[in-house]
Number of protein chains: 2
Amino acid sequence: MTQGEATQFRTLCEQAGLAVTHQRQVIYEVLCSIEGHPSPEEVYARVKRSIPSVSLATVYKNLHLFINSGIFEQVSLHHGSMRVETNQTRHHHLLCTSCKTIHDIDPEVLGLPEVPRELPGGFRMERLAVDVLGICARCQAREAAEPGTIQ
Amino acid sequence: MTQGEATQFRTLCEQAGLAVTHQRQVIYEVLCSIEGHPSPEEVYARVKRSIPSVSLATVYKNLHLFINSGIFEQVSLHHGSMRVETNQTRHHHLLCTSCKTIHDIDPEVLGLPEVPRELPGGFRMERLAVDVLGICARCQAREAAEPGTIQ
DNA sequence: ATGTGTGCAAATAATTTGCATTGAC
DNA sequence: GTCAATGCAAATTATTTGCACACAT
């Protein structure tokens, strides 16, 4: 990690109210350097190269801290278990990042245009899944009433 | 289930090469009647009302069969584990439904317009996450070479 | 010194699998 | 009759938690 990156990391920790530990710094460094969309196990394996004694629990705890602090994001919000789409009409989703609820939304409301079926690289599109991430009205009201409760 | 629904279910099973069993029919019926985005456990609980002896394993097996046959969809593709987004630049995802790989794509390529920050119902948008679901070039080639291998 | 962070092991949750039995075709 | 589907229990996989000790502030 360069000096600039280390400084940036310290700033991020300060803003998030997190202590600057060696493990945390290596996890951050691994995330920055890794290509793709790593799972906790993959991050753990890489961190282990620098810190053989690191535990998987520490990786999980720090990933959650990073995500809750907005330092990193998840690829798509996880609900712990699989969810089946029972609404057979074409629609997209409003996903509240605070209370994790999913609401359906009509594609018209978003006003998205048609996307080409054939994309660069030869990928053939079959369906567009749009998640609108944000804060639902209920959580906005809750946040206004009790500031600091939104994660 | 009405007679028409039962007939439709038989047709779907025939197309997918699935036997028409009582359990399978009740699971289908529950999925059609349920609002929202149920988890396997929720489906199981409802099916149990009609068939107390049903097992959770049967529910899982049938949900996968339905999803693989295209009779239902998942809310968002699950990778079994959480995935961290390490690409800090704004982008969307190409998701191959055959090999499950995720590739990043520039928002420009999709040509999506700006979406209003405030949506009906008071939802405040913070981010738009777009997943383009389809078949990647590699899997298209594989399918051309060995038809029937795409799930 | 104080409290947060870490590592470990155990606990829990989610899902899958093997296998004997049942039921659809 | 034949083979796919089911139920059950055990196995796996993913994630979380409690707690004693170490380290950052």
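Lettering follows sequence order; numbering is per chain, from 1.
For the ring pair (Phe, Tyr, Trp, His ring centres under 6.0 Å) test, residues two or more places apart in sequence or in another chain that qualify with B/His37 are A/His93. Under the salt bridge (Lys or Arg N to Asp or Glu O under 4.0 Å) criterion, A/Glu73 pairs with B/Arg127, sequence neighbours left out. The salt bridge (Lys or Arg N to Asp or Glu O under 4.0 Å) check on B/Arg10 picks up nothing, with sequence neighbours excluded.
Regarding A/Tyr44, its OH atom lies at a distance of 14 Å from the P atom of D/dA14, rounded to whole Å. Rounded to whole Å, atom P of D/dT6 lies 16 Å from atom NZ of B/Lys48. Atom CG of A/Leu56 is separated from atom C1' of D/dT16 by 11 Å (rounded to the nearest Å). Between B/Leu63 atom CG and D/dT6 atom C1' the separation is 15 Å, expressed in whole Å. A/Asn68 places its CG atom 15 Å from the C1' atom of D/dT15, with the value rounded to the nearest Å. Atom P of nucleotide D/dA4 and atom CD of B/Glu14 are separated by 17 Å, given to the nearest angstrom. B/His64 places its NE2 atom 16 Å from the C1' atom of D/dA5, with the value rounded to the nearest Å.
The closest donor-acceptor contact from the side chain of A/Ser50 to the backbone of A/Arg46 lies at 3.5 Å or more, if one exists at all. Judged by distance alone, the side chain of B/Thr86 and the main-chain N or O of A/Gly36 form a donor-acceptor pair under 3.5 Å.
From the 5' end on, the contacts that DNA chain C makes with chain B at under 4.0 Å to a non-hydrogen atom open and close at C/dA14 to C/dC25.
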> How far apart are the C-alpha atoms of A/Glu42 and A/Ser39, what are their side-chain angles, what is the distance that settles it, and do they pass the side-chain hydrogen bond (donor to acceptor under 3.5 Å, both in side chains) test?
Replying inline: CA-CA 5 Å; A/Glu42 286 170 309; A/Ser39 64; 3.3 Å; yes
>> Please determine whether side-chain contact (heavy atoms from CB on, under 4.5 Å) holds for the pair B/Leu133 and A/Met125, giving the CA-CA distance in whole Å, both sets of side-chain angles, and the decisive distance to 0.1 Å.
In response: CA-CA 6 Å; B/Leu133 306 184; A/Met125 175 177 104; over 6 Å; no
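Residue-level contact check: A/Ser53 touches the backbone only, with heavy atoms under 4.0 Å from sugar-phosphate atoms and none from bases.
Shortest non-hydrogen contact noted between B/Phe123 and A/Gln140 is C-NE2, 3.9 Å.
Between B/Gly17 and B/Met82, the one whose closest nucleotide on DNA chain D sits nearer the 5' end is B/Gly17. If you find the closest nucleotide of DNA chain C to B/Ala57 and to A/Leu65, the one lying nearer the 5' end belongs to A/Leu65.
Each end of the helix from C/dA1-D/dT25 to C/dC25-D/dG1 gets its own axis, taken as the rotation carrying the C1' atoms of four end pairs onto the next four within a five-pair window, and the two axes meet at 40° to the nearest 10 degrees.
Other residues, nucleotides and ligands contribute over 12 non-hydrogen atoms within 6.0 Å of the NE2 atom of A/His91.
Cluster membership for B/Val54 and B/Phe72, using ILVMFWY side-chain heavy atoms within less than 4.5 angstrom, is shared.
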> Once each nucleotide of nucleotides 19-25 of chain D is scored for protein heavy atoms under 4.0 Å, what B/S/- sequence comes out, 5' to 3'?
Replying inline: -----SS
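Each of D/dT15, D/dG7, D/dA5 was ranked by its minimum atom distance to the side chain of B/Arg24; first place goes to D/dA5.
Taking the six-membered ring where tryptophan is involved, the planes of B/Tyr28 and B/Phe66 are perpendicular, since the angle between them exceeds 60° and thus also 30°.
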